[in-house]
Amino acid sequence: MVKYFLGLSVLKSSWDQVFVAFWQRYPNPYSKHVLTEDILFREVTPDNRLISRRLLTKTNRVPRWTEKYLPSNMARSAYVIEDSIVDPQSRTLTTFTWNISHARYMAVEERCVYGVNPDNNSWTEIKREAWISSNLFGLSRALQEFGLARFKSSVTKTMKGFEFILAKMQGGTPSRTLAETAKEATDKVKETALAATEKAKDLASQAQKKQQYV
């Protein structure tokens with residue numbers, strides 16, 4: 001049995017902008033799991049389509065409950081192949097992505113089509129499909145559920161990463177990341193605590209001085 005995902009997303013930027021951002025989206029604050037990217041192959045076909053193949057290296061987090069069933073020397077990184085076809089005439093960018101590491105335990109295949117949004121030609125629509133499968137006896141269903149949940153989380157990060165890069169390209173101020181917001185809140189708490197400590201010291205000092213004059 002294979003878990004299937006189908007999703008439709010919209011980026012409020014033109015297809016041309018998204019096409020450029022696609023090649024510039026790493027690194028970004030939401031893609032820390034992507035370690036490296038390498039172009040293996042690229043050519044322009046006679047009908048002016050751009051065909052590329054890239055090798056991505058990503059972190060390979062496995063659920064804690066599976067560690068006793070998987071090899072102890074299992075790498076903490078995984079290799080992913082990404083094929084892409086850019087058709088400037090139809091204004092579509094189609095990607096096919098699949099993992100070549102640990103595919104026996106869990107295989108994730110993804111197909112995305114980036115096209116002009118039919119309701120607003122200044123926006124870009126992304127149709128995303130994914131197939132998650134596992135051949136590990138006794139754990140296949142659980143691994144597929146885990147893979148599907150992780151894939152959905154990854155889609156959210158991918159969209160945030162796109163928005164971040166597009167904002168930078170368009171000269172805007174990218175939305176602050178969760179880490180930045182958390183750091184600001186932590187700093188503010190520290191400042192408040194420090195101010196409260198200093199105030200307490202002042203009050204104690206004043207009280208001590210009063211006792212000396214009594």
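At least one side-chain heavy atom of Q17 sits under 4.5 Å from a side-chain heavy atom of Q170. No side-chain heavy atom of V2 sits less than 4.5 Å from a side-chain heavy atom of Q144. In this structure, E110 and F96 have side chains that are not in contact, with every pair of non-hydrogen atoms separated by 4.5 Å or more.
Between E82 and R25, at least one side-chain N (NZ, or NE/NH1/NH2) sits under 4.0 Å from a carboxylate O, which counts as a salt bridge.
The line from CG of N28 to CD1 of I165 is 5.0 Å long, rounded to the nearest 0.5 Å. Rounded to the nearest 0.5 Å, atoms OG1 (T59) and CG (L35) are 6.0 Å apart. Here the CE-OG distance, from M106 to S133, works out to 9.0 Å after rounding to the nearest 0.5 Å. Atom CD of E145 and atom CG of L143 lie 10.5 Å apart (nearest 0.5 Å). Atom CZ of residue R53 and atom CG of residue L55 lie 10.0 Å apart, to the nearest 0.5 angstrom. Separation of atoms OG1 (T97) and CZ (R128) is listed at 9.0 Å; rounding is to 0.5 Å.
A cation-pi arrangement is present between R54 and F22, with the terminal nitrogen or guanidinium carbon under 6.0 Å from the aromatic centre and inside a 45° cone about the axis. Judged by a 6.0 Å distance limit and a 45° cone about the ring axis, R150 is not positioned over the six-membered ring of F146. Figure legend: cation-pi geometry between R42 and W23, with NZ or CZ positioned under 6.0 Å from the six-membered ring centre and within 45° of its axis.
In terms of modelled atom types and a separation under 3.5 Å, the side chain of S52 and the main chain of S84 share no donor-acceptor contact.
The aromatic rings of W15 and F19 sit parallel, their planes meeting at an angle under 30°, below the 60° perpendicular limit. Relative ring orientation between Y4 and W131 is described as tilted, the plane-to-plane angle lying within the 30° to 60° band.
When all heavy atoms are compared, the tightest approach of N99 to A107 is OD1-CA, 3.4 Å. Taking both residues in full, the closest heavy atoms of I126 and C112 are given as CG2-CB, 4.5 Å, listed atom of the first, atom of the second, then distance.
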Inset, instruction - Report the C-alpha separation of D47 and T45 in whole Å, then their side-chain angles, then the decisive distance to 0.1 Å, and conclude whether the side-chain hydrogen bond (donor to acceptor under 3.5 Å, both in side chains) test is met. - result: CA-CA 5 Å; D47 57 351; T45 64; 2.2 Å; yes
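By the side-chain contact (heavy atoms from CB on, under 4.5 Å) test, S90 is found to be paired with D87, T92, residues two or more places apart in sequence or in another chain being considered.
Every pair tested for salt bridge (charged side-chain N to carboxylate O under 4.0 Å, His left out) that includes a residue from residues 4-13 fails, sequence neighbours excluded, so the list is empty.
The closest side-chain donor-acceptor pair between S140 and S134, if any, does not fall under 3.5 angstrom.
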